[in-house]
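This structure is a prediction, so every number in the text was calculated from the model and none was measured.
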Number of protein chains: 2
Amino acid sequence: MNDSELISVLSRRGIRPTQQRIAVYKYLLTHPEHPSADTIYRALVEEYPVFSRTTIYNSLGALIEAGLVRQVNICADEQRFDATVTDHGHFFCKECGKVYDFGFDSPAMVSRLCPRGFIKEQGDVFFTGICKHCYSF
Amino acid sequence: MNDSELISVLSRRGIRPTQQRIAVYKYLLTHPEHPSADTIYRALVEEYPVFSRTTIYNSLGALIEAGLVRQVNICADEQRFDATVTDHGHFFCKECGKVYDFGFDSPAMVSRLCPRGFIKEQGDVFFTGICKHCYSF
DNA sequence: GCATTTGTTTGTATTCATTACAACTTTGCT
DNA sequence: AGCAAAGTTGTAATGAATACAAACAAATGC
Ligand SMILES: [Mn+2]
Ligand SMILES: [Mn+2]
Ligand SMILES: [Zn+2]
Ligand SMILES: [Zn+2]
């Protein structure tokens with residue numbers, strides 16, 4: 001996705017496509033490893049020497065509000081962020097610390113887990129354990 | 001579960017059944033609302049006037065290590081704790097802040113969501129939205 | 001163009017959950 | 001009892017997230 005496409009995506013979602021928001025969103029799109037706010041900050045401050053930590057939080061908040069980004073409660077100590085907003089699962093490897101995405105064979109099945117009468121806005125399936133790569137040794 | 005039963009449960013799991021650990025575990029067993037460390041602290045310090053916050057964290061750590069308690073990453077700002085360690089789902093209501101437990105019609109189905117080759121130790125299904133009680137008005 | 005307003009960014013100060021630490025106490029064992 | 005290991009306590013430190021106000025930028029109206 002090039003810059004003009006990003007601009008129109010943000011505009012369509014009703015938020016002003018500022019340079020900072022685009023940079024944060026682009027970082028998330030190109031780094032699907034669920035980075036933390038601090039990871040994003042340290043990466044972007046290299047590229048744009050003047051970039052505030054607060055702006056990272058503000059931009060993430062705006063992007064979340066707009067439905068382009070979601071937060072993932074995978075680690076207890078810090079919040080992680082994800083530009084993939086369609087329902088998908090996460091596997092956290094205790095060994096290497098990586099967070100893997102995985103899809104569902106039948107997404108409807110996951111929605112069916114939600115109890116009757118409860119209005120689901122977001123769903124998350126989260127597994128913890130040992131990943132494929134760390135297990136084979 | 002009475003105190004002598006609790007003592008034997010903790011002993012069987014290899015941790016010393018101290019008065020504090022028993023109090024924390026009993027609180028979690030009798031308060032299935034997924035309390036935070038601070039909530040547990042404020043409740044127990046009433047009963048046992050000398051009770052340190054650190055001890056809450058230490059006890060929770062020991063109980064988690066022993067597999068009797070697990071942490072639930074449902075709120076971004078604080079950790080919640082749960083004495084129900086069998087696989088079950090959580091629904092967080094954005095309106096009232098309550099966390100509801102729910103079971104799975106077929107638990108095997110949830111395990112089947114885990115991608116091939118990944119060794120699952122713990123599974124969580126989280127939904128966020130509006131609960132049954134907050135929706136009807 | 002210029003003034004006004006509204007929204008955004010920035011840096012700093014603050015909050016607050018969690019962790020680190022060291023002194024003290026309790027428990028288990030001989 | 002005497003000793004060592006484990007557990008508890010209070011305080012200090014850490015660090016992610018938020019609050020805030022000043023500076024800045026973009027939009028709007030004239
Ligand atoms: Mn993801
Ligand atoms: Mn639960
Ligand atoms: Zn791994
Ligand atoms: Zn509710």
Side-chain angles (χ1 to χ4, degrees), chain A residues 6-8 10-11 13-27 34-66 68-82 97, chain B residues 3 6-8 10-11 13-27 34-66 68-82 97 99:
Chain A
L6 290 173
I7 287 172
S8 74
L10 267 65
S11 299
R13 297 290 183 132
I15 59 174
R16 287 230 285 254
T18 65
Q19 191 187 24
Q20 291 84 343
R21 289 173 180 167
I22 291 169
V24 169
Y25 189 40
K26 195 191 287 188
Y27 186 87
H34 312 85
S36 66
D38 192 61
T39 302
I40 301 170
Y41 171 73
R42 286 204 308 274
L44 292 186
V45 86
E46 292 287 318
E47 204 174 339
Y48 311 85
V50 62
F51 213 124
S52 169
R53 261 195 176 77
T54 303
T55 300
I56 301 289
Y57 286 106
N58 286 344
S59 298
L60 287 169
L63 292 164
I64 289 167
E65 190 82 11
L68 293 171
V69 167
R70 73 170 184 171
Q71 29 194 154
V72 182
N73 294 324
I74 270 182
C75 310
D77 54 334
E78 64 180 3
Q79 206 60 24
R80 303 294 200 93
F81 299 89
D82 194 344
Chain B
D3 279 30
L6 289 173
I7 288 173
S8 75
L10 267 64
S11 299
R13 296 292 181 129
I15 58 174
R16 288 229 287 252
T18 66
Q19 192 187 24
Q20 291 86 342
R21 288 172 181 170
I22 290 168
V24 170
Y25 189 42
K26 195 192 286 189
Y27 186 87
H34 313 84
S36 66
D38 192 60
T39 302
I40 302 171
Y41 171 73
R42 285 203 308 273
L44 293 186
V45 86
E46 292 287 317
E47 204 174 340
Y48 312 86
V50 62
F51 211 124
S52 170
R53 262 197 175 75
T54 303
T55 301
I56 302 288
Y57 285 105
N58 286 344
S59 299
L60 287 169
L63 292 165
I64 289 168
E65 190 81 14
L68 292 171
V69 167
R70 73 170 182 171
Q71 28 194 157
V72 183
N73 293 323
I74 215 162
C75 309
D77 53 335
E78 64 180 2
Q79 207 59 24
R80 303 296 200 89
F81 299 89
D82 194 343
V99 176

Proximity to the side chain of [X] - top-ranked nucleotide from [options]:
X: A/Asn58; options: C/dT10, C/dT18, D/dT8; answer: C/dT10
X: B/Ser52; options: D/dT9, D/dA27, D/dA16; answer: D/dT9
X: A/Val50; options: D/dA16, C/dT10, D/dG10; answer: C/dT10

Rounded interatomic separation in angstrom, taking [atom1] from [X] and [atom2] from [N]:
X: A/Leu60; N: D/dA16; atom1: CG; atom2: C1'; value: 13 Å
X: B/Asn73; N: C/dT18; atom1: CG; atom2: P; value: 10 Å
X: A/Phe51; N: D/dC24; atom1: CZ; atom2: P; value: 18 Å
X: A/Gln19; N: D/dC24; atom1: CD; atom2: C1'; value: 14 Å
X: B/Arg42; N: C/dA17; atom1: CZ; atom2: C1'; value: 12 Å

Check: Do B/Thr18 side-chain and D/dG7 base share a donor-acceptor contact under 3.5 Å?
Finding: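 Check fails, no donor-acceptor contact within cut-off.
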Margin query: Between B/Gln79 and B/Asn73, is there a side-chain donor-acceptor contact under 3.5 Å, judged purely by atom types and distance?
Written below: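 The answer is yes; a qualifying pair exists.
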Item checked: CG-CG distance between A/Leu63 and A/Leu10, expressed to the nearest 0.5 angstrom ->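 A/Leu63 atom CG to A/Leu10 atom CG measures 6.0 Å (nearest 0.5 Å).
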Phosphate contact ([N] OP1 or OP2) by [X] side-chain N/O below 4.0 Å:
X: B/Thr54; N: C/dT18; result: no
X: B/Gln20; N: D/dT9; result: yes
X: B/Arg53; N: C/dA17; result: no
X: A/Tyr57; N: D/dT18; result: no

Checklist line | Nearest-nucleotide comparison on DNA chain D, the residue closer to the 5′ end among B/Ile15 and B/Ala76 | finding: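 In this pair, the answer is B/Ile15.
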Note to self: A side-chain contact here means heavy atoms from C-beta on lying under 4.5 Å apart; do B/Phe51 and B/Ile40 qualify?
What the structure shows: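 Contact flag for B/Phe51/B/Ile40 side chains = no.
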Next item on the list: Over all heavy atoms of both residues, which pair between A/Ala76 and B/Gln71 is shortest? Give the atoms and the distance, please.
Entry: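 Heavy atoms of A/Ala76 and B/Gln71 come nearest at CB-NE2, 4.4 Å.
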